[in-house]
S.K.: 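This is the structure I have questions about; it appears just below.
Atoms considered below: every heavy atom in the structure, side chains included; atoms not considered: hydrogens, waters and symmetry mates.
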Amino acid sequence: MRDDELQRALLDWYDAHARDLPWRVGPAARMRGELPDPYGVWLSEVMLQQTTVAAVKDYFLRFTTLWPTVGDLAAAEDADVMGEWAGLGYYARARNLLKCARVVAGDMDGRFPETEDGLRELPGIGPYTAAAIASIAFDRPAVVMDGNIERVMARIFAVETPLPAAKPELKSHAARLTPEDRPGCHAQALMDLGATICTPKSPACGICPVMAACAARKAGIAAGLPAKAPKKAKPTRHGIAYLVQREDGAWLLETRPEKGLLGGMLGWPGSDWVEGEPAATPPLDAAWHDPGLEVRHTFTHFHLRLSLRVARAPLNAVPRRGDFHELATFRPASLPTVMRKAFDLAKGAMPATSAPH
DNA sequence: AACCCGGGGTG
DNA sequence: CACCCAGGGTT
């Protein structure tokens with residue numbers, strides 16, 4: 001199959017099977033050549049970094065309801081945006097999202113740059129996202145490369161070099177296939193194909209629109225591509241978290257430092273997370289109980305076992321760290337997942353009343 | 001180039 | 001439970 005036949009088969013499949021997603025224009029509008037709102041394309045592409053469509057949908061709808069334009073988002077409170085992002089992960093994305101919104105709204109009259117180079121200057125927009133926005137929102141023939149497209153290229157052209165060494169070769173194949181006409185639909189077709197048919201583990205080659213073009217399928221090696229360099233093991237770290245509730249129901253929380261793990265998010269005061277024995281340093285003086293509960297959570301590069309301590313505190317308690325958050329305004333959903341797990345475990349194990357110490 | 005960043009899905 | 005997936009920023 002020639003490159004142009006492959007492009008045609010891919011686009012025909014996309015026109016017939018494109019998923020109806022909140023950030024896309026409908027089928028009729030797409031066939032008229034209408035382009036989607038750049039704000040929605042940008043927001044969805046940032047949310048989709050390292051994250052599946054299923055996980056992103058509700059967050060996207062919530063964000064666009066609260067903040068319909070980039071100007072609305074730029075004017076939002078930091079804490080509100082961080083709270084709405086809670087649970088989606090990679091929180092640097094949310095901090096960069098706000099920075100980017102404020103540059104676009106403040107310096108660019110609310111309009112995103114239309115070129116890959118211009119987009120690439122903005123916070124949180126790297127090579128993939130710049131190419132995706134230029135292609136999808138502005139109809140530019142940028143070469144879009146994400147993990148899905150790398151996998152599809154590795155298979156169609158049976159590239160057996162392991163990643164990441166294979167990246168230049170995979171990009172040259174993708175560049176050759178990128179059309180001048182409807183480049184955004186071409187890129188989305190490749191990503192949809194990778195997400196739904198040309199999947200990592202067991203690709204559905206039997207229903208693939210480009211099976212006739214796929215060298216890996218012919219050779220029977222599709223499921224094993226792309227080859228990858230071996231990864232290293234994750235260590236286990238230990239920590240202690242302190243959950244204390246005041247007589248009026250308020251919980252003691254602290255905002256974590258901007259940089260580093262869970263940066264800028266709310267969390268329970270506690271020890272550092274270390275591979276040895278964590279240092280116990282309660283955030284206030286109280287009768288602390290050890291309910292024997294442990295949160296297990298895995299981050300990108302380590303496993304965490306977080307041991308819980310619980311206490312009640314009087315109304316006049318003065319914490320050494322953190323601030324009490326009134327029960328009326330405290331939303332567990334605004335916590336990152338590991339902190340929400342700790343809350344769910346601890347709230348069933350709180351001591352009955354505050355006790356003298 | 002190597003390392004730092006979550007959370008969801010699969011087997 | 002172990003393992004897999006996968007962009008941007010920083011150093």
Side-chain angles (χ1 to χ4, degrees), chain A residues 41-59 82 84-100 116 119-133 142-154 162-168 170-171 187 190-191 194-196 198-204 223-237 256-267 273 294-306 333-342 344:
Chain A
V41 173
W42 163 71
L43 180 60
S44 65
E45 289 300 342
V46 172
M47 288 181 165
L48 287 165
Q49 291 166 7
Q50 311 293 95
T51 311
T52 59
V53 164
V56 162
K57 264 188 183 170
D58 289 347
Y59 283 87
M82 298 309 290
E84 289 298 331
W85 195 276
L88 203 50
Y90 286 110
Y91 298 97
R93 294 186 295 172
R95 300 193 296 275
N96 286 327
L97 189 82
L98 255 176
K99 282 186 201 161
C100 181
E116 217 173 332
L119 288 159
R120 188 67 185 70
E121 303 281 314
L122 292 164
I125 299 186
Y128 161 73
T129 308
I133 298 172
V143 182
V144 180
M145 288 307 287
D146 75 342
N148 285 312
I149 297 181
E150 282 181 353
R151 186 171 58 254
V152 171
M153 292 300 127
L163 286 172
K167 281 175 182 279
L170 297 174
K171 183 164 182 176
L190 284 174
M191 291 189 280
T196 62
C198 195
T199 53
K201 295 288 196 211
S202 46
L225 295 182
K228 301 199 169 182
K231 53 234 151 258
K232 51 188 245 186
K234 296 180 204 270
T236 297
R237 295 186 193 175
R256 300 173 60 88
E258 278 295 303
K259 289 184 178 263
L261 191 71
L262 307 178
M265 300 300 292
L266 277 181
W273 299 342
E294 188 182 68
V295 172
R296 292 183 182 210
H297 189 78
T298 298
F299 291 96
T300 314
H301 54 298
F302 65 92
H303 302 287
L304 175 66
R305 294 184 179 204
L306 188 62
S334 71
L335 297 173
T337 299
V338 65
M339 300 298 175
R340 191 179 44 68
K341 282 186 190 172
D344 289 343

S.K.: Looking at every strand, decide which applies to Q50(A) at a 4.0 Å heavy-atom threshold: base, sugar-phosphate, or nothing.
M.R.: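 Counting heavy atoms under 4.0 Å across all strands, the contact made by Q50(A) includes a base.
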S.K.: Relative to the 5' end of DNA chain B, which residue comes earlier, L261(A) or A54(A), by the nucleotide with the nearest heavy atom?
M.R.: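 Per heavy-atom nearest nucleotide, the more 5' residue is L261(A).
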S.K.: Please pick, from dG6(B), dG7(C), dC1(C), the nucleotide with the shortest atom-to-atom distance to any side-chain atom of D146(A).
M.R.: dG7(C)
S.K.: Between Y91(A) and dG7(B), is there a side-chain N or O to OP1/OP2 distance below 4.0 Å?
M.R.: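 Checking dG7(B) against Y91(A), a side-chain N or O does come within under 4.0 Å of OP1 or OP2.
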S.K.: Is H297(A) near enough to dG6(B) that one of its side-chain N or O atoms lies under 4.0 angstrom from OP1 or OP2?
M.R.: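 Answer is no, no contact under 4.0 Å.
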S.K.: Under 3.5 Å, side chain of R93(A) to main-chain N/O of L88(A), donor-acceptor pair present?
M.R.: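 Indeed, once roles are kept as given, a pair shorter than 3.5 Å links the two residues.
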S.K.: Write down the distance separating the P atoms in dC5(C) and dC5(B), rounded off to the nearest Å.
M.R.: 22 Å
S.K.: Quick one: is dA6(C) close enough that its OP1 or OP2 comes under 4.0 Å of any side-chain N or O from N148(A)?
M.R.: yes
S.K.: Would you please say whether a donor-acceptor pair under 3.5 Å links the side chains of Y128(A) and E45(A)?
M.R.: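 Yes - a donor-acceptor pair under 3.5 Å links their side chains.
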S.K.: Would you tell me if any nitrogen or oxygen in the side chain of T51(A) comes within less than 4.0 Å of OP1 or OP2 on dG8(B)?
M.R.: no
S.K.: Take atom P in dA6(C) and the same atom in dG11(B), then report the distance between them in whole Å.
M.R.: 15 Å
S.K.: Looking only at the side chain of R151(A) (C-beta and beyond, no hydrogens), which of the listed nucleotides dG7(C), dG7(B), dA6(C) gets closest?
M.R.: dA6(C)
S.K.: Say you pick atom C1' in dT10(C) and the same atom in dG7(B); how far apart are they, in whole Å?
M.R.: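 Per the computed distance, 22 Å lies between those C1' atoms.
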S.K.: Can you find a side chain N or O atom of K228(A) that sits less than 4.0 Å from OP1 or OP2 on dC5(C)?
M.R.: yes
S.K.: Would you mind telling me which of dC4(C), dG9(C), dG7(C) lies closest to the side-chain atoms of K201(A)?
M.R.: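 Out of dC4(C), dG9(C), dG7(C), the nucleotide with an atom closest to K201(A)'s side chain is dC4(C).
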S.K.: Does K341(A), at its NZ atom, have more than 12 non-hydrogen atoms belonging to other residues, nucleotides or ligands within less than 6.0 Å?
M.R.: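 Counting other residues, nucleotides and ligands, NZ of K341(A) exceeds 12 neighbours.
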S.K.: Is it the case that the side chain of R305(A) and the backbone of T236(A) share a donor-acceptor pair, with hydrogens and angles ignored and the cut-off at 3.5 Å?
M.R.: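 Flag not set: sc R305(A) to bb T236(A) has no pair under 3.5 Å.
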S.K.: Establish, with yes or no, whether the OP1 or OP2 oxygen of dG7(B) is under 4.0 angstrom from a side-chain nitrogen or oxygen of T337(A).
M.R.: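 Indeed, a polar side-chain atom of T337(A) lies that close.
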S.K.: Check whether the side chain of Y90(A) and the base of dG6(B) form a donor-acceptor pair under 3.5 Å.
M.R.: yes
